[in-house]
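Contents: one structure, followed by commentary.
Source: prediction; values computed, not measured.
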Amino acid sequence: KLIEENKLGRADRLRGKFRTFLLKAFDHFLINEWKKVHAIKRGNGVPDLPIHDPARVPPDDPSLCQGLSAQRAYDLKWRATLMEQAIVRLGKSLTDAVDRAIFQALELRRADNGKYVPKYAELAQKMGISEQNVKTRMYRMRARLGTLIRDEIRHTVSSESEVEEELRDLMSPASGL
């Protein structure tokens, strides 16, 4: 790694022995490797929550519950309502003009049943910001949405373990959302 990144050129006799330089470089290498191995990955194992799922149906759509048992219809209606409330709260919580514009662009996608999905590059160009900036803002919005969903669930259960259980159930493929 020292040779690949041409870090040997940093060695300076006036600052100390070459052996000390190598030992320090090795220490830094080991610390960086340890950090990589023990780093908490983005999301910390929590599922990535889609802000706008084209398959999601509004909670008041009658087709949501057609042909289902009363229990299954209730579950789907509850989940759809919970997601809708969290998304509405997310929209209301956005104070930055760019975040609101991105959210509104995605709301239009949702209203159009996801037929047209704007690309990050397209949103970036439209907003006059970098594509990475759009990605970062979307990541933060998804994280905030996750917090809001947990808050909505927290209002309906009695313990934190039940929140996690409900969230896992909500995000399971069998949930229908």
- [ ] For Glu160, enumerate each residue passing the salt bridge (Lys or Arg N to Asp or Glu O under 4.0 Å) test, keeping only those at least two apart in sequence or located in another chain.
- [x] Arg154
Measuring from atom [atom1] of [X] to atom [atom2] of [Y], what distance do you get when rounded to the nearest 0.5 angstrom?
{"X": "Glu33", "Y": "His28", "atom1": "CD", "atom2": "NE2", "result": "14.0 Å"}
{"X": "Leu30", "Y": "Lys35", "atom1": "CG", "atom2": "NZ", "result": "12.5 Å"}
{"X": "Arg140", "Y": "Arg142", "atom1": "CZ", "atom2": "CZ", "result": "12.0 Å"}
{"X": "Leu145", "Y": "Arg150", "atom1": "CG", "atom2": "CZ", "result": "10.5 Å"}
{"X": "Leu148", "Y": "Ile153", "atom1": "CG", "atom2": "CD1", "result": "11.5 Å"}
{"X": "Gln132", "Y": "Thr136", "atom1": "CD", "atom2": "OG1", "result": "4.5 Å"}

State, yes or no, whether a side-chain contact exists between [X] and [Y] at a heavy-atom distance under 4.5 Å.
{"X": "Arg10", "Y": "Phe21", "result": "yes"}
{"X": "Phe103", "Y": "Ile87", "result": "yes"}
{"X": "Arg89", "Y": "Glu152", "result": "yes"}

Nearest atoms (heavy-atom pairs only) where [X] meets [Y]:
{"X": "Glu131", "Y": "Tyr120", "value": "CG-CB, 3.8 Å"}
{"X": "Ile149", "Y": "Ala86", "value": "CG1-CB, 3.6 Å"}
{"X": "Leu90", "Y": "Arg144", "value": "CD1-CG, 3.5 Å"}
{"X": "Met141", "Y": "Ile102", "value": "CE-CG2, 3.7 Å"}

Open item on the list: Under a 3.5 Å distance rule, please check whether Glu84 uses its side chain to pair with a backbone N or O of Ala80 as donor and acceptor.
Closed with: no
TODO: Keeping the roles fixed (side chain from Gln85, backbone from Leu82), state whether a donor-acceptor pair exists under 3.5 Å.
DONE: no
Open item on the list: Please check if the number of heavy atoms outside Gln125 that lie under 6.0 Å from its CD is greater than 12.
Closed with: no
- [ ] Answer with yes or no whether the hydrophobic clustering places Leu22 together with Phe29; edges join I, L, V, M, F, W, Y residues whose side-chain heavy atoms lie under 4.5 Å apart.
- [x] no
Open item on the list: Do Leu23 and Phe18 sit in one hydrophobic cluster, given that two such residues count as connected whenever their side-chain heavy atoms are within less than 4.5 Å of each other, even indirectly?
Closed with: no
Task: Verdict with reasoning, Leu123 to Met138, per side-chain contact (heavy atoms from CB on, under 4.5 Å) - done: CA-CA 11 Å; Leu123 286 172; Met138 287 297 299; 5.5 Å; no
- [ ] Give the other cluster members for Leu14, using side-chain heavy-atom distances under 4.5 Å between Ile, Leu, Val, Met, Phe, Trp and Tyr residues; answer none if it is isolated.
- [x] none
Open item on the list: If we count only N and O atoms by modelled type, under 3.5 Å, do the side chains of Glu165 and Ser161 hold a donor and an acceptor together?
Closed with: no
